[in-house]
Amino acid sequence: MNDALLTSITVSGIAILVIFLVLTILIFTIKLLVHLLPYKAPPPQPRKAQQPPAPQNAPSDVDTDIAVITSVMASHLSRTPGNHQVINVQSR
Amino acid sequence: MNDALLTSITVSGIAILVIFLVLTILIFTIKLLVHLLPYKAPPPQPRKAQQPPAPQNAPSDVDTDIAVITSVMASHLSRTPGNHQVINVQSR
Amino acid sequence: MNDALLTSITVSGIAILVIFLVLTILIFTIKLLVHLLPYKAPPPQPRKAQQPPAPQNAPSDVDTDIAVITSVMASHLSRTPGNHQVINVQSR
Amino acid sequence: MELTFSGAALQILQSTGFSAINSGQVIMLGVACVLLYLAIWKKFEPLLLLPIGFGCLMANLPMSMMMSTDDGGLLNFFYQGVKYEILPPLIFLGVGALTDFGPLLANPTTLLLGAAAQIGVYTTLVGAVYLGFDLQEASAIGIIGGADGPTSIFIASKLAPHLLAPIAVAAYSYMSLVPLIQPPIMRWLTTGKERKIKMAQLKPISQTVKIVFPIVVTIICCLMLPAVTPLLGMLMLGNLFRESGVTARLHETSETHLINIVTILLALAVGSSMTAESFLKLETIKIIVLGLLAFCMATAGGVLFGKLMSKLSGGKVNPLIGSAGVSAVPMAARVSQKVGAEEDHTNFLLMHAMGPNVAGVIGSAVAAGVFLSLFGDPTAPGPESHAAIESVVQSMVQR
Amino acid sequence: MELTFSGAALQILQSTGFSAINSGQVIMLGVACVLLYLAIWKKFEPLLLLPIGFGCLMANLPMSMMMSTDDGGLLNFFYQGVKYEILPPLIFLGVGALTDFGPLLANPTTLLLGAAAQIGVYTTLVGAVYLGFDLQEASAIGIIGGADGPTSIFIASKLAPHLLAPIAVAAYSYMSLVPLIQPPIMRWLTTGKERKIKMAQLKPISQTVKIVFPIVVTIICCLMLPAVTPLLGMLMLGNLFRESGVTARLHETSETHLINIVTILLALAVGSSMTAESFLKLETIKIIVLGLLAFCMATAGGVLFGKLMSKLSGGKVNPLIGSAGVSAVPMAARVSQKVGAEEDHTNFLLMHAMGPNVAGVIGSAVAAGVFLSLFGDPTAPGPESHAAIESVVQSMVQR
Amino acid sequence: MELTFSGAALQILQSTGFSAINSGQVIMLGVACVLLYLAIWKKFEPLLLLPIGFGCLMANLPMSMMMSTDDGGLLNFFYQGVKYEILPPLIFLGVGALTDFGPLLANPTTLLLGAAAQIGVYTTLVGAVYLGFDLQEASAIGIIGGADGPTSIFIASKLAPHLLAPIAVAAYSYMSLVPLIQPPIMRWLTTGKERKIKMAQLKPISQTVKIVFPIVVTIICCLMLPAVTPLLGMLMLGNLFRESGVTARLHETSETHLINIVTILLALAVGSSMTAESFLKLETIKIIVLGLLAFCMATAGGVLFGKLMSKLSGGKVNPLIGSAGVSAVPMAARVSQKVGAEEDHTNFLLMHAMGPNVAGVIGSAVAAGVFLSLFGDPTAPGPESHAAIESVVQSMVQR
Ligand code: NA
Ligand code: NA
Ligand code: NA
């Protein structure tokens, strides 16, 4: 067996060790991450269906949306915003 | 107060003047444009709903559309264009 | 008539000959291609409507699709794939 | 302090464009506004003429560093893509992805109409030489008659870069004017009987032929005219993306966002080359006149060859489809349809005219290839072959 | 063999980044993670700060060749687009395509609010000079108060490239903080009565005016301040794509995939310039402080000028729309709406605030143009005009 | 005149490609047609092999100036993006945006299968050295076993640019052959009982972990192997665009039009390097044989390591998922599913195989990083660290 071949085998050995080392470190990092940040099931979906009737949830965002829509409509209809009112907006 | 500071104040003063000058020129240009090219309300939409029945409007475009569709259909059905007729095309 | 003009006429003559030569070669190539690879009408569409009931057609693809869907659903529902079964998948 | 303040303000005023603007730039700003007007309100090829016009506007604002010759300026960077002929082939990739060669394949003899319409290129070449342009310039001007923007830009940037701006503007403007320029010529050269000819239904073409076609065209045409490979090869690659059915992602990108991005860069670059020095000269007017001649002669050449084909085929070919050979896809084909329908509204020439129409694209690419073979940069298509041609041309010139 | 094997492994270990990392890089990795945290979980301008943070992360991994100064490195290539000022104008093309100048056209006097908000730029300029920066650096820092990322990057890369990283980060961070920074200042400077003012309905604008506007703005502003053409011209071209109605393809590409691609390249390039040497120094802290000052003063300037306009117009203008003059579209306008609605929830200021909001974009571009006229590269806006300005500035300095 | 006319025509004929074409080019045109055939009718990675084949076609039309080595030619410009390693990282940005690392995070030990499949890289490395390639060339050939096109192109352009064309073609061809190459090996190395093993349901992963993962991978892997940052960093940035949920625009562009545009440029550039001189030599055949060896050994390595994991876990791991460790996403995972379903059609391995499948992408990037650390350009990863490695390697060689 010549030198080049021996070198290539040495290089391969080192490289395999490095790869397994790096990926093993990754494995333990992932396990740590999953342990520290466990999956939490989202609150059951059906409950969400009951939310829209309660208009007090997240008032700021809905308020902004209403403002945007009212302004745009007023601008579009060439009327004063006070002349019409957008009551409620449901998010998608 | 040192020289650099004085210079910076001078520069600021000049710059503010230039900005207000440029934007004031823009304001009067816009006012002129709006005056020269006033907004004209588009003809009320309902009238458009009555148009499709009257096929004589914009005959050239519709004719071309019909020609396109007839040719493509003839090509697709492997028949002569004369064998079938596209009567009318409504634009979107 | 000066030399440049004569040259330009000569060039034009050559160029027209070359263009007609090249495009004539293309014409015969196309005719050959169309002759060698004639158009075959696809099997009539209605027959396809009868295919879906026969589930033994192309089993490998449908099987893979079912596998994909089952796995993803199992993963989504956090259940074992064995707990539910996807019977059949119709391609679009 | 008061004094310096007002003095500085005066200096600022002197550093504005107002102090540096010259009459040439004022006129070019007017030209830019005319181009924008034509693009926006007359819908003259707006995808090209709007950014060309805006590029011209920016380039002619003094000290804006937006001329194609301003080293380090923004539009100078985009202009490199024209100078090194990168952008036109990418446009052609998108054009290929948008083009259906089916009607051409169903009636391949219409390729001859795409060849005949190049007659406009050559009458213009002779005319341009007559008006004092040299052979390279005359070739670049002649190619306006090919009615292909990217081809015109490609050839002009190679053979006559100093005429790029007027050639590009003339090419795109006349392409928009096809519906005005062509009909009178078509009516004048044909009889009512000819215009009434109904053509036989096109035969369907197998998908395999549609896939093999772009590969075969590339091999044949680029073997015969190697210099046209960047244009024709990319056109055919785009068409292969379309027809192969296995590269939907690449097809979609080529015909939408890639061609759009390249169009913005190309058009701004062309606009940035519209400086007073390059545009406001007698040559521009000559080019505009020659461009009109080119379009008229191309239309006539196509129609007359159509009449010949009509005769030879025993009246199976409507000569009106010949005018579509100028390319200007799909406008020229629509003009054929329209003029035919004026005579007989049950005559549907559109599909038949699409054959010569796309043939015109190939035809002007081939014409461009011939010019590049004859007059192209000596280093480009191999030095020894060029030297051979040069000796021939010189021998012709010295005769 | 055993020995060599372990020796080689040791060598590999020494060639890792662990052996080469220094404390500055460790701190910068922390800064990168803070930026990523702010972008992802606090939603601070995530389209920019996420790739900036990730670029910073990669640049500070030792020997990764990802610094903006690593010749031949990947991010060094992207950085050329910042260095040669190609990417910010392309971002502005997309911004123009996304912007509706309608509310500004309906109430053009709000342009003055966009001018008044630039007061933040100049107080910061003076403050920066006071803290020891030279005039060019101080200008680049001041422009943070313009609340326009691409403008800040454009000016910084031209006048103070060594401060690009902290200026870009400060500009985008404070833009995200507009909803926190502005309301207290707005409430402090206005009375409840002023905040309750309802403004008259905006008049509709003809489409022709919307089309002519970008052309006219380009001509007027770029004639007066030529150096700002790459930014302002491209902004207006994008808007012309939008309003002309004939270039839907180019409009769509400009406002989606083109601006997205350019954003990725630009943000990575900016991130790659965040090296320990360029970022971990006293200047960065000064810039962060000055940036906050700039935003506060800009808000105050807008609101105070709004109060003046309110007085002069006899109470027809709500001064709260003045704060929207900082740009930061559309966040600043939403803040005006929100603070107004706190006082009277039937008061809809949003549309009215959009006028000064887009005016702020033009305002800071004009401010940038003034700086470039005064301090720009001498070769850029014409040597003789620059020399004139230089002599004025020097005479002012030497006084 | 007659004479000159025919003489000129003769000269034109001599200037065509027909006169200049050599046998090598004719053979390469045949190779191009084979690639196009495989891409279009056999659906071998058509998104890459179709434009590679067409690029090869154009490059081998004589005098077309479309070779990667033709200065100023169109494809030479695109080739700069390969030469300077700009395009492969941008492809990886898109790949990251398209990749879901969820299954890997749910079962992180499958990363070891992605490591084990790299055994194919190293057996091929040794085999290539045995066949006479030097270490750098052998590394580039070995990485074919990583089954990652962009990684292969990146490494080849860095370590053995003269072998780029055959390596790229072999990599993409064998990736397409995964469904043919892998199943017999998988069946041969496993028992029926092993193939029937059903694996436990994957646990769900919190979105926060999915967001933190790309950041952590970048820091850890690029600290340990800095030279791989352009590839791995961009892969992870693309994934962060996807998972962060705040950069939907950038995510969409990365995974659609940006990756498509880059694919067109990259594939044409690779095709343009397929000249007769670079492709028609004994090395190409060796590379094709070695590439097949690489794929077979990678599959075997993955399956055998899967058997080991199956033993150690007490039969909880189906060894068939090991073969997916070669990457070739998602084909290799589908092969695992299919071979498993042959034995028991109620066994759903697909999701479980996606873990090692995406692990294979990381694995071959890491393998590439090791090669770059050992053999990369001395100026790239810092001269002193490289010198250290070089001395080690030389000491090993001289032993
Ligand atoms: Na043509
Ligand atoms: Na602003
Ligand atoms: Na792999």
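Order of the sequence lines fixes the chain letters, A, B, ..., with proteins taken first and strands second; residue numbering starts at 1 for each chain.
Ring to ring, F:Tyr122 and F:Phe371 are close: their centroids are under 6.0 angstrom apart.
When the shell of 6.0 Å around CZ of E:Phe77 is examined, it contains more than 12 heavy atoms from other residues, nucleotides or ligands.
When each of F:Leu90, F:Ile211, F:Leu237, F:Thr256 is checked for heavy-atom pairs under 4.5 Å with chain E, F:Leu237 comes out on top. Ranked by non-hydrogen atom pairs under 4.5 Å with chain E, the options F:Arg249, F:Glu252, F:His257 are led by F:Arg249. Note on E:Leu268, E:Asp71, E:Ile40, E:Ile21: by heavy-atom pairs under 4.5 Å with chain F, the leading option is E:Ile40. Of the residues considered (E:Leu29, E:Leu74, E:Leu75), E:Leu74 shows the highest number of contacts with chain F, using heavy-atom pairs under 4.5 Å.
A distance of 10.0 Å separates CD1 in E:Ile259 from CZ in E:Phe92, rounded to the nearest 0.5 Å.
For a residue to count as touching a neighbouring chain, one of its non-hydrogen atoms must lie under 4.5 Å from one of that chain's; by this rule E:Ala39 touches chain F with the backbone only. Contacts between F:Pro230 and chain E at a heavy-atom distance below 4.5 Å involve backbone atoms as well as side-chain atoms. Proximity to chain E (any heavy atom under 4.5 Å) is shown, for F:Val216, by neither the backbone nor the side chain. Only the side chain of E:Leu57 comes within less than 4.5 Å of a heavy atom in chain F; its backbone stays farther off. Looking at E:Phe54, only its side chain comes within 4.5 Å of chain F, counting heavy atoms on both sides. For F:Ile219, the parts lying under 4.5 angstrom from a heavy atom of chain E are both the backbone and the side chain.
The backbone N or O of F:Gly81 lies less than 3.5 Å from no partner atom in the side chain of F:Glu85, so there is not a single donor-acceptor pair. Here the side chain of F:Gln80 pairs a donor or acceptor atom with the backbone of F:Asn76 at under 3.5 angstrom.
Residues E:Leu38 and E:Ser176 are not in side-chain contact: their nearest non-hydrogen atoms beyond the backbone lie 4.5 Å or more apart.
Judged by distance alone, the side chains of E:His251 and E:Glu243 never bring a donor and an acceptor atom under 3.5 Å apart.
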